[in-house]
Number of protein chains: 2
Amino acid sequence: MKKILQIISDAPLFNGLSEEQLNDVRQISVDKFCDKGKTIFLEGDDCNGFYIVADGKVKIYKVSFEGKEHILHIYGPGNPFGEVPVFAGRKFPANAQTLLKSHLLFFPRTAFVDLISKNPSLALNMLGVLSMRLRQFTVQIENLSLKEVPGRLASYLVYLSQEQGRTDVVTLNISKGQLASLLGTIPETLSRILTKMNQQHLIDTRGRNIILKDLSGLEDLAEHGKLQ
Amino acid sequence: MKKILQIISDAPLFNGLSEEQLNDVRQISVDKFCDKGKTIFLEGDDCNGFYIVADGKVKIYKVSFEGKEHILHIYGPGNPFGEVPVFAGRKFPANAQTLLKSHLLFFPRTAFVDLISKNPSLALNMLGVLSMRLRQFTVQIENLSLKEVPGRLASYLVYLSQEQGRTDVVTLNISKGQLASLLGTIPETLSRILTKMNQQHLIDTRGRNIILKDLSGLEDLAEHGKLQ
DNA sequence: CCAGCGCCTTGACTTAAGTCAAAAAAGCGT
DNA sequence: ACGCTTTTTTGACTTAAGTCAAGGCGCTGG
């Protein structure tokens with residue numbers, strides 16, 4: 001297991017903080033170990049702090065009345081989540097659940113707000129994190145409202161290719177069902193579109209590995225294209 | 001014209017600041033007067049500050065490759081916009097244009113960041129503003145991915161009813177075409193759904209005034225319903 | 001008062017994507 | 001390797017919502 005101080009100093013939120021500041025941060029953090037599938041909080045729950053993923057994977061999601069689930073984010077090591085109600089209102093706006101056995105760090109609200117008030121650079125980091133998140137949401141909304149599913153999938157593949165630093169092949173780190181939910185669709189539709197993309201030699205699916213046969217074609221599709 | 005200091009102290013972003021702090025804020029703000037239809041910035045433009053609407057109305061929107069426009073927000077007096085790139089990256093993630101003759105206050109990036117570093121309460125206010133915005137985006141994404149258009153429209157009407165503090169009638173302050181874009185659809189579809197809602201005695205449209213004949217029915221529809 | 005111009009509505013048609021049901025494939029623990 | 005569960009794929013069908021095109025309504029200005 002990685003040292004907690006190491007995890008903290010690696011998180012973007014605490015980037016560039018001094019040794020002393022990092023120690024302060026460590027002082028107020030509380031460890032939380034969760035099995036796979038554990039619900040961390042539900043939409044509407046009262047919030048008295050936020051979390052950082054030290055190890056494992058967490059999904060943030062909304063559920064419709066009929067029980068349909070839409071995944072908003074999947075977070076891994078170093079990512080914070082649940083910070084919104086720390087600064088605005090008291091309730092969580094979505095649900096959080098572990099996808100794997102996970103190690104989380106919990107930061108109690110009041111202690112963290114105190115810390116921020118005393119450390120301008122921590123405040124600026126937090127502003128940066130929230131702003132990045134707003135930027136991502138803007139893209140997500142654009143995708144949902146302006147593109148159809150093939151375009152969203154292509155965007156995601158291009159994003160993965162950048163994320164994983166490869167132009168030849170990418171690996172899904174979530175199930176296709178979860179990917180469907182993340183793209184705002186259902187497994188059947190995703191499956192059909194993957195088949196179509198195969199037929200048009202854009203990709204070649206090998207389980208969770210997807211060979212990118214025509215990256216620029218995918219970029220095109222992500223930007224504005226239609227699949228025939 | 002309202003005094004600028006008054007406008008500033010009324011904005012949520014500067015809530016609870018001292019006289020002195022408000023003066024500091026005023027010091028760095030720059031007035032900008034725009035006619036109706038003026039583009040303030042475009043997606044991808046370099047950003048060196050953000051704005052607050054002192055008077056008028058501004059739309060924030062994305063445009064798809066085919067030229068289809070999706071409105072993300074419409075902001076009025078007291079609302080800040082364009083803050084994201086101040087804290088994350090350099091570029092604006094969307095476009096901004098005035099809907100009316102407007103008076104804006106511009107806050108240059110570096111001066112504002114300096115100010116925040118010295119005023120923890122301003123930093124916390126800003127964190128609050130960004131967090132509220134994330135909360136709104138979460139709702140928007142939920143609406144787009146989990147509800148069909150009638151549900152989104154019902155949500156919007158219920159929201160307007162709360163906003164305007166009336167349960168009997170609400171007034172649209174934007175055109176129906178713009179509303180369609182805000183709901184992620186097109187004018188034709190919106191029009192048809194309004195007609196259906198009329199037929200089912202949920203509402204009664206009188207131009208831009210909409211009589212709410214069955215608010216609880218609308219709430220129901222917003223929550224989980226389908227229109228027959 | 002009427003012409004002209006946006007804005008909104010209506011109709012006929014097309015299409016993307018969801019539903020339901022079942023089969024096939026892939027994982028997983030023993 | 002086996003039987004079980006879960007995930008993924010495929011097929012037939014339905015439906016919400018988009019496109020295209022035409023018409024109506026309600027302004028404002030001459």
Side-chain angles (χ1 to χ4, degrees), chain A residues 35-37 59 64-71 99-101 143-154 171-200 203-210 221 224-228, chain B residues 36-37 59 64-71 99-100 143-154 171-200 203-210 221 224-228:
Chain A
D35 285 336
K36 172 176 170 177
K59 75 172 170 192
S64 76
F65 180 77
E66 302 94 20
K68 216 166 54 177
E69 168 180 317
H70 178 83
I71 297 178
L99 291 175
L100 300 174
K101 198 166 181 298
N143 282 343
L144 282 174
S145 61
L146 260 26
K147 293 183 196 162
E148 22 202 68
V149 184
R152 291 180 231 158
L153 174 56
T171 304
L172 299 181
N173 47 2
I174 50 176
S175 77
K176 287 183 183 156
Q178 285 164 351
L179 175 57
S181 169
L182 198 55
L183 296 176
T185 186
I186 54 171
E188 291 96 317
T189 299
L190 177 61
S191 176
R192 286 185 240 270
I193 290 168
L194 283 170
T195 306
K196 258 194 194 164
M197 284 185 171
N198 269 298
Q199 284 163 0
Q200 300 189 216
I203 58 173
D204 199 345
T205 51
R206 297 259 184 278
R208 285 200 182 178
N209 295 317
I210 297 182
L221 188 59
H224 52 265
K226 298 216 180 284
L227 211 53
Q228 317 307 349
Chain B
K36 172 177 170 174
K59 74 171 171 192
S64 76
F65 181 78
E66 302 94 20
K68 216 165 54 173
E69 168 180 318
H70 178 84
I71 298 178
L99 291 176
L100 301 174
N143 282 343
L144 283 173
S145 62
L146 258 26
K147 293 183 198 164
E148 17 201 74
V149 184
R152 291 181 232 158
L153 173 57
T171 305
L172 299 181
N173 47 2
I174 50 177
S175 77
K176 287 184 183 157
Q178 284 165 352
L179 175 57
S181 169
L182 198 54
L183 296 176
T185 186
I186 55 172
E188 292 95 318
T189 299
L190 176 61
S191 178
R192 285 186 241 270
I193 290 168
L194 283 169
T195 306
K196 258 195 196 167
M197 285 187 171
N198 269 296
Q199 284 163 0
Q200 301 189 218
I203 59 173
D204 198 346
T205 51
R206 296 257 184 281
R208 285 201 183 179
N209 295 316
I210 297 181
L221 187 60
H224 52 264
K226 298 217 179 283
L227 213 52
Q228 316 307 350

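FYI, side chains are in, hydrogens and waters are out, and symmetry mates aren't considered; it's all heavy atoms of this structure. A, B, ... follow the sequence lines: proteins, then strands. Residue 1 opens every chain.
In this structure, B:L146 atom CG and C:dG18 atom P are separated by 11 Å, rounded to whole Å. The interatomic distance linking A:E188 (CD) with D:dT9 (P) rounds to 11 Å, in whole Å. The distance between atom CZ of B:R206 and atom P of C:dC8, rounded to the nearest whole Å, is 17 Å. Rounded to whole Å, the distance from CD on A:Q178 to P on D:dT7 is 8 Å. Computed from coordinates, the A:K68 NZ to C:dG18 P distance equals 7 Å when rounded to whole Å. At whole-Å resolution of the value, CG in A:L144 and P in D:dG18 are 14 Å apart. Atom CG in B:L190 sits about 10 Å away from atom P in D:dG18, given to the nearest Å. The separation between B:N198 atom CG and C:dT10 atom C1' is 14 Å, rounded to whole Å.
Note on A:K176: a side-chain N or O is less than 4.0 Å away from OP1 or OP2 of D:dT9. Phosphate proximity of C:dT10 to B:T195: present, with a side-chain N or O under 4.0 Å from OP1 or OP2.
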Kindly give the atom pairs (protein nitrogen or oxygen, nucleotide nitrogen or oxygen) under 3.5 Å for nucleotides 14-17 of chain D.
| unit_1 | atom_1 | unit_2 | atom_2 | d |
| --- | --- | --- | --- | --- |
| D:dA17 | OP1 | B:V149 | N | 2.7 |

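With A:S64 contributing its side chain and B:L146 its backbone, the two residues share no donor-acceptor pair below 3.5 Å. Remark: side-chain polar atoms of B:T185 are not paired, donor with acceptor, to backbone N or O of B:L190 under 3.5 angstrom.
When every heavy atom of A:S181 is checked against every heavy atom of A:H70, the shortest pair comes out as O-ND1, 3.0 Å.
Residues B:R152 and B:L144 meet the side-chain proximity criterion, which asks for heavy atoms closer than 4.5 Å. In this structure, B:K59 and B:I174 have side chains that are not in contact, with every pair of non-hydrogen atoms separated by 4.5 Å or more. Within the 4.5 Å cutoff, no side-chain heavy atoms of B:K196 are placed close to those of B:R192. Residues B:L153 and B:L179 are in side-chain contact: their nearest non-hydrogen atoms beyond the backbone lie under 4.5 Å apart. Residues B:T205 and B:T195 are not in side-chain contact: their nearest non-hydrogen atoms beyond the backbone lie 4.5 Å or more apart.
Within 3.5 Å, a donor on the side chain of A:R192 pairs with an acceptor on the base of C:dT19, or the reverse.
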Base-contact (B) and sugar-phosphate-only (S) positions in nucleotides 23-30 of chain C, heavy-atom cut-off under 4.0 Å, - elsewhere: --------

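Going from atom CG of A:L183 over to atom CD of A:Q178 covers 12.0 Å, rounded to the nearest 0.5 Å. Between the CG atom of A:D204 and the CG atom of A:L194 there is a distance of 11.0 Å, given to the nearest 0.5 Å. Of the inter-residue distances, the one linking A:K147 atom NZ with B:K68 atom NZ reads 12.0 Å to the nearest 0.5 angstrom.
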Intra- and interstrand pairs of DNA chain C - dot-bracket, Watson-Crick/G-U under 3.5 Å, | marks other strand: ||||||..||||||||||||||||||||||

